[in-house]
Chemist: 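Dumping the structure here so I can ask a few things about it.
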Amino acid sequence: MKKQFELIATCAAGLEAVVGKEIRNLGISCQVENGRVRFSGDLRTIIETNLWLRAADRIKIIVGEFSAKTFEELFQGVYALDWENYLPLGARFPISKAKSVKSKLHNEPSIQAISKKAVVKKLQKHFHRPEHVPLMETGAEFKIEVSLLKDKATIMIDTTGSSLFKRGYRVDKGGAPIKENMAAAIIMLSNWYPDKPFIDPTCGSGTFCIEAAMIGMNIAPGFNRNFAFESWDWVDKTLIQSVRDEADLKANYDIELDISGFDIDHRMIEIAKQNVIEAGFADVIKLKQMRLQDLHTNKLNGVIISNPPYGERLMDDELVTKLYNDMGKTFYPLKTWSKFILTSDENFEKKYGSQADKKRKLYNGTLKVDLYQFFGERVKRTVE
Ligand code: SAH
């Protein structure tokens with residue numbers, strides 16, 4: 001089986017640089033592309049990136065890339081790849097995704113069917129099976145994806161399974177949760193460090209607070225879940241266990257964190273509490289039903305991250321205007337705090353009453369949103 005892999009981490013548009021930085025922080029060099037980051041490595045790399053990347057969606061192995069303008073070229077290209085180095089006899093290997101952008105071949109079901117035929121034929125040849133006897137697909141699953149961009153085919157195997165945003169702690173999500181990997185990315189983009197107070201005044205199901213606690217304690221985001229590669233027989237189980245054990249040693253469960261979440265809706269606070277308990281942070285994250293208009297604090301240098309209701313999603317425009325205006329007034333006295341507000345409302349700054357120091361375009365699912373960033377004034381430390 002394979003020892004070295006060409007890999008990509010996929011992510012939401014706008015988060016490529018964040019994922020790239022995370023990968024480099026694991027000591028792996030990489031290239032940032034559109035919606036994905038490319039790198040290479042061994043089995044340990046696959047395990048570590050799945051376990052540790054907070055902002056990515058999935059880690060995929062690139063089995064091969066070639067030009068394909070006709071179905072014959074697609075068939076031959078897929079057939080030529082070294083499938084025997086990935087798929088053991090008995091493996092299930094659905095062509096789970098076919099995507100075509102700006103390419104001559106665009107009928108996605110046909111792309112799937114042709115690719116499947118090519119892999120089957122290659123494995124039948126490799127395992128000396130007659131062509132008229134179908135391969136039994138009863139074993140571990142290897143999801144194959146075919147992507148065509150400008151007539152270039154990229155053939156991949158997904159190593160992740162359910163997307164990395166599924167950390168395993170969410171019991172309930174409420175009406176409009178932010179994805180866990182987007183929340184983590186925003187925290188990593190903020191200037192929050194574990195020694196600073198952190199508040200999400202519209203915490204909903206508690207995603208930002210939980211992700212901040214995981215970052216603060218250096219807990220691997222994938223610690224409580226499994227990955228597709230774990231069911232593959234050629235992936236060394238002791239290696240998986242040792243990467244998990246190392247992750248456990250790297251976590252700092254004793255660090256003091258100051259993380260609070262508030263929400264006007266007591267039902268959301270109940271949901272957030274369940275999620276916080278499930279994530280193991282019942283003693284770490286403070287949750288309270290409170291209107292953001294009632295937020296006061298004497299603490300300094302904190303970070304506020306908020307994903308308030310947007311017009312289209314949860315409230316009518318008049319209420320949103322009032323809420324954003326109240327937000328501006330409530331946060332105004334907190335001069336040393338940095339504030340990061342994620343909304344799709346293009347008139348946010350007007351309603352909030354001040355212009356952001358920086359704006360960053362992101363996608364919350366398919367919805368275009370902006371992260372409005374207001375940086376806190378630095379507090380001069382008085383020398384005693
Ligand atoms: N990021 C959250 C979702 C936030 S949705 C998550 O991951 O689940 C916006 C939240 O703002 C809702 O839960 C809503 O109850 C809350 N909210 C609306 N008006 C508010 C107010 N005036 N003060 C505090 N919270 C408010």
Side-chain angles (χ1 to χ4, degrees), residues 12 15 54-55 163-190 192 198-215 221 259-279 281 285-297 303-332 334 337 339-345 348 351-353 362-365 367 369-373:
L15 296 185
R54 298 181 195 278
S163 173
L164 290 177
F165 79 82
K166 295 198 175 142
R167 316 284 207 216
Y169 61 71
R170 206 189 267 288
V171 184
D172 199 342
K173 51 188 191 257
I178 185 148
K179 278 193 183 158
E180 290 80 344
N181 48 5
M182 173 67 72
I186 291 171
I187 298 166
M188 292 189 285
L189 282 170
S190 81
W192 183 71
F198 179 97
I199 294 178
D200 177 355
T202 58
C203 73
S205 60
T207 321
F208 279 112
C209 294
I210 295 172
E211 290 298 322
M214 293 217 288
I215 292 171
I259 298 175
S260 312
F262 308 116
D263 199 286
I264 195 169
D265 185 345
H266 68 89
R267 289 166 308 179
M268 289 314 304
I269 292 296
E270 283 314 309
I271 289 175
K273 277 188 182 158
Q274 286 176 35
N275 291 335
V276 161
I277 290 169
E278 185 62 30
F281 297 131
I285 297 171
K286 293 168 272 219
L287 294 167
K288 196 172 88 178
Q289 189 255 324
M290 189 178 85
R291 294 177 344 132
L292 75 86
Q293 290 85 343
D294 297 328
L295 175 68
H296 303 286
T297 175
V303 171
I304 290 175
I305 298 189
S306 166
N307 163 217
Y310 326 141
E312 314 93 79
R313 291 217 296 183
L314 297 171
M315 270 187 180
D316 68 45
D317 197 53
E318 215 173 299
L319 283 173
V320 167
T321 304
K322 168 91 175 69
L323 178 68
Y324 292 176
N325 191 256
D326 287 350
M327 231 177 182
K329 286 184 190 146
T330 310
F331 296 169
Y332 184 75
L334 308 176
W337 285 62
K339 298 110 192 168
F340 299 85
I341 297 144
L342 187 75
T343 172
S344 67
D345 193 321
F348 172 75
K351 297 173 181 174
Y352 182 82
L362 295 171
Y363 285 88
N364 190 8
L367 186 67
V369 289
D370 280 296
L371 181 67
Y372 293 90
Q373 313 179 34

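Residues take their numbers from the sequence shown, with the count starting at 1. Counting convention: from 1, in listed order, for ligands and their atoms alike.
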Chemist: Could you check which of Asp200, Asp326, Ile264 puts a non-hydrogen atom nearest to atom 26 (C) of ligand 1?
Modeler: Ile264

Chemist: Side chains of Gln274 and Tyr169: donor-acceptor distance under 3.5 Å anywhere?
Modeler: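 Side-chain D/A pair, Gln274 to Tyr169: absent.
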
Chemist: Could you tell me, atom by atom, which parts of ligand 1 come under 4.0 Å of a heavy atom of Met268?
Modeler: 13 (O)

Chemist: Counting only heavy atoms, tell me which of Ile269, Leu342, Thr202 gets closest to atom 11 (O) of ligand 1.
Modeler: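 Closest candidate by heavy-atom distance is Thr202.
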
Chemist: Under 4.0 Å, heavy-atom basis, I'd like to know which part of Cys203 is in contact with ligand 1: side chain, backbone, both or neither.
Modeler: backbone

Chemist: Closer than 4.0 Å to some heavy atom of Ile178 - which atoms of ligand 1 meet that?
Modeler: 1 (N), 6 (C), 7 (O)

Chemist: Looking at Lys288, I'd like to know if its NZ atom is crowded, meaning that more than 12 non-hydrogen atoms belonging to other residues, nucleotides or ligands lie closer than 6.0 Å.
Modeler: no

Chemist: Distance from Leu295 atom CG to Met290 atom CE, nearest 0.5 Å?
Modeler: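 Going from the CG atom of Leu295 to the CE atom of Met290 covers 4.5 Å.
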
Chemist: To the nearest 0.5 angstrom, please state how far the OG1 atom of Thr343 sits from the NZ atom of Lys351.
Modeler: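 Interatomic distance, Thr343 OG1 to Lys351 NZ, rounded to 0.5 Å: 8.0 Å.
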
Chemist: With heavy-atom distances below 4.0 Å as the criterion, list the atoms of ligand 1 near Met290.
Modeler: 24 (C)

Chemist: Which of the atoms of ligand 1 are close to Pro201, meaning less than 4.0 Å from one of its heavy atoms?
Modeler: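 Result: 24 (C), 25 (N).
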
Chemist: Ring centres under 6.0 Å, that's the criterion: do Phe348 and Tyr324 meet it?
Modeler: yes

Chemist: For Arg167, is there any backbone N or O sitting under 3.5 Å from a side-chain donor or acceptor partner on Arg170?
Modeler: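 No, the answer is negative, given that no donor and acceptor are paired below the 3.5 Å cut-off.
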
Chemist: Give the atoms of ligand 1, by number and element, whose distance to some non-hydrogen atom of Thr207 is under 4.0 Å.
Modeler: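 In order of numbering, the contacting atoms are 6 (C), 7 (O), 8 (O).
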
Chemist: Salt-bridged, Lys322 to Asp317, with N to O below 4.0 Å?
Modeler: no

Chemist: State the atoms of ligand 1, each with its element, that fall below the 4.0 Å cut-off from a heavy-atom position in Arg291.
Modeler: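 Per the distance check, 23 (N).
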
Chemist: Compute the shortest N/O to N/O distance between Arg170 and ligand 1 and return yes if it is under 3.5 Å, no if not.
Modeler: no

Chemist: Roughly how far, to the nearest 0.5 Å, is the CD atom of Gln373 from the CD1 atom of Ile186?
Modeler: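 Going from CD1 on Ile186 over to CD on Gln373, the span is 9.0 Å.
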
Chemist: Rounded to the nearest 0.5 Å, what separation is found between the CE atom of Met268 and the OG1 atom of Thr202?
Modeler: 10.0 Å

Chemist: Check each atom of ligand 1 against the heavy atoms of Asn307 and keep those under 4.0 Å away; list them by number with element.
Modeler: 1 (N), 2 (C), 3 (C), 4 (C), 5 (S), 9 (C)

Chemist: Counting each atom of ligand 1 from 1 as listed, which ones have a heavy atom of Asp265 under 4.0 Å away?
Modeler: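 Going through ligand 1 atom by atom, the ones under 4.0 Å from Asp265 are 15 (O).
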
Chemist: Between Leu323 and ligand 1, which residue portion shows a heavy-atom distance shorter than 4.0 Å: side chain, backbone, both, or neither?
Modeler: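 Just the side chain.
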
